[in-house]
A.B. asks: 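I'd like to ask some things about the structure below.
Order of the sequence lines sets the chain letters (A, B, ...), proteins ahead of strands, with each chain counted from 1.
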2 protein chains.
Amino acid sequence: MQLPRARDVTGKTASNKGTDHHQPTVAVFVVIFTVHEQGLKVLLIRRGGEPFKGWWAIPGGRLGTDETLDEAAARKLVEETGVRDVYLEQLYTFGDLDKTTPAGAVAIGYFALVNYDSVSLPEREDWPTAWFSIDELPASPAGKLELAFNNKDVLDYALRRLRYKLEYTNVAYSLLPPYFTMSQLQTVYESIAGKKLDKRNFRKRVLAMGIVKPTEKTVLFGAHRPAKLYTFSSRQPQII
Amino acid sequence: MQLPRARDVTGKTASNKGTDHHQPTVAVFVVIFTVHEQGLKVLLIRRGGEPFKGWWAIPGGRLGTDETLDEAAARKLVEETGVRDVYLEQLYTFGDLDKTTPAGAVAIGYFALVNYDSVSLPEREDWPTAWFSIDELPASPAGKLELAFNNKDVLDYALRRLRYKLEYTNVAYSLLPPYFTMSQLQTVYESIAGKKLDKRNFRKRVLAMGIVKPTEKTVLFGAHRPAKLYTFSSRQPQII
DNA sequence: TCAAAAGTGTTGTTTATACACCCATGT
DNA sequence: ACATGGGTGTATAAACAACACTTTTGA
């Protein structure tokens with residue numbers, strides 16, 4: 001697979017290429033992220049059929065007749081999580097996902113951000129799904145730590161993109177409930193960044209950016225001072 | 001067309017969608033940019049066949065058998081400009097480019113940056129190509145200022161992406177010859193940003209970023225002080 | 001009164017912006 | 001000597017990073 005990052009293309013000769021057309025298979029898949037219990041999780045599905053039967057993979061399927069790519073991705077997301085109206089963005093299109101599928105297969109990847117508590121995973125025996133911590137991915141049937149196709153690379157790319165996005169957009173709204181504490185918000189950012197952040201600077205930053213605003217409500221979790229609840233200024237994706 | 005920018009997906013019901021599969025047409029197109037005579041230009045092709053016969057469009061074609069997407073894009077680039085080994089990056093994949101083509105058509109867009117003087121345009125009567133200033137796009141046969149398909153939106157998106165990239169990468173190397181003056185470099189940045197930049201601050205910035213370095217060579221253009229020649233520290237794409 | 005998470009300001013450093021004059025050359 | 005583009009530095013403002021103590025609550 002060619003990594004989905006900027007690079008020079010080694011200009012191969014164009015001889016006897018591109019002249020012969022065909023109708024490749026078109027698939028759409030969705031990298032679904034959530035944050036739960038201090039960690040970033042991704043939804044994977046264990047394949048119940050060939051190829052890669054028994055391996056864990058990013059959920060996806062073929063593009064349906066008369067649906068756009070965005071619609072196909074949203075459909076996949078609903079099928080696997082039951083949620084709709086969340087942040088969903090096209091990631092990259094892979095033209096050579098693996099060597100076992102027929103030449104010319106094209107897979108359009110999306111990534112989605114969902115609130116853990118809004119999700120209900122489908123009950124299925126043959127193609128089960130489960131959440132995995134981003135640093136504790138499951139093993140293949142052979143016992144090695146690997147996913148079907150080139151899905152590990154895809155995940156890495158999706159994570160890189162998510163980290164960028166978090167810096168200059170408000171997309172975190174899609175990972176949180178309508179009201180949340182500053183600590184919950186910070187946990188989301190820390191889980192994705194993969195490092196601890198300073199409490200005071202974090203608060204200053206998100207308030208200065210204007211992506212969240214305080215409410216009058218407070219919430220009491222345990223034997224300590226109650227926390228003020230915040231809410232997103234907008235629940236539409238916005239570049240700050 | 002759905003704009004290739006972040007947005008919420010309106011979750012349509014998944015009823016009778018996605019179950020029926022098909023083999024959509026897969027096309028690859030390349031937005032080719034260059035900078036020439038103080039301005040940013042894009043290469044367009046006048047379509048010699050239906051649909052949109054006689055309209056100007058972004059060059060592209062169908063994905064060939066047994067070539068990857070990157071290879072198809074590089075092939076297209078060579079066919080239209082003769083250049084290879086330039087900056088070429090996947091842009092976005094469009095699933096509903098226009099309403100006239102059969103449902104399910106998928107078009108993978110790339111964008112490329114080429115040095116004007118390296119390009120030799122093919123001589124063709126039926127499908128001619130030409131450079132157009134980004135703010136003086138050609139008209140349709142009906143005389144309106146519009147391109148085939150949704151190509152105007154695609155161009156706008158490509159330009160937005162290019163502007164971003166220029167800020168934090170060294171991709172400008174692909175627009176310039178091996179040796180160039182600081183003014184030439186600044187012209188490239190100004191053409192793409194669409195605004196004038198301060199000479200001293202610009203120089204400081206590119207040197208501090210380390211993307212270019214001075215050489216011992218100078219060049220004399222006219223009746224004034226000779227200019228020092230610079231060269232890119234690396235001609236591989238790099239994120240600064 | 002103790003433990004646990006919530007909440008709050010200041011200082012120093014780095015980065016970005018604004019801005020004006022001299023230099024080397026050909027005519 | 002003059003016209004032309006090449007080349008340089010400083011001061012201010014803004015953004016970011018580091019850092020420690022007090023508050024509120026339940027047990």
A.B. asks: Base, backbone or nothing for each nucleotide of nucleotides 11-21 of chain D, written B, S, -, heavy atoms under 4.0 angstrom, 5' to 3'?
C.D. replies: ------BBBB-
A.B. asks: Where is the tightest heavy-atom contact between A:Ala112 and A:Leu88, given as atom of each residue plus distance?
C.D. replies: CB-CD1, 3.7 Å
A.B. asks: How long is the span from the CD1 atom in A:Ile45 to the CD1 atom in A:Ile58, to the nearest 0.5 Å?
C.D. replies: 11.5 Å
A.B. asks: Round to a whole Å and report the spacing from CZ of A:Phe202 to P of C:dA6.
C.D. replies: 12 Å
A.B. asks: Just to verify, which of A:Lys195, A:Arg163, A:Lys196 counts as forming a salt bridge (Lys or Arg N to Asp or Glu O under 4.0 Å) with A:Glu190?
C.D. replies: A:Lys196
A.B. asks: How far does CD1 of B:Ile32 sit from CG of B:Leu77, to the nearest 0.5 angstrom?
C.D. replies: 5.0 Å
A.B. asks: Going by number, which of residues 217-231 of chain B have a non-hydrogen atom under 4.0 Å from DNA chain C?
C.D. replies: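 B:Leu220, B:Gly222, B:Ala223, B:His224, B:Arg225, B:Pro226, in order of number.
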A.B. asks: Between the side chains of B:Tyr164 and B:Arg160, is a donor N or O closer than 3.5 angstrom to an acceptor N or O?
C.D. replies: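 There is no such pair between these side chains.
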A.B. asks: Can you tell which of A:Lys217, A:Arg203, A:Gln184 makes a side-chain hydrogen bond (donor to acceptor under 3.5 Å, both in side chains) with A:Tyr230?
C.D. replies: A:Arg203
A.B. asks: Does anything in residues 176-193 of chain B come within less than 4.0 Å of DNA chain D? Heavy atoms only, and list the residues if so.
C.D. replies: B:Ser183
A.B. asks: Between the main-chain N or O of B:Phe232 and the side-chain N or O of B:Asn170, is there a donor-acceptor pair closer than 3.5 Å?
C.D. replies: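 No; judged by distance alone, with no hydrogens or angles, the pair does not exist.
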A.B. asks: As an exercise, state the distance from CE of B:Met209 to CZ of B:Arg205, rounded to the nearest 0.5 Å.
C.D. replies: 5.0 Å
A.B. asks: Could you tell me the separation between the CZ atom of A:Arg203 and the C1' atom of C:dA5, rounded to a whole number of Å?
C.D. replies: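 Taking CZ of A:Arg203 and C1' of C:dA5, I get 12 Å after rounding.
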A.B. asks: Starting at CG of B:Leu121, measure out to CH2 of B:Trp131 and round the result to the nearest 0.5 Å.
C.D. replies: 6.5 Å
A.B. asks: What's the spacing between A:Leu147 CG and A:Trp56 CH2 if we round to 0.5 Å?
C.D. replies: 10.5 Å
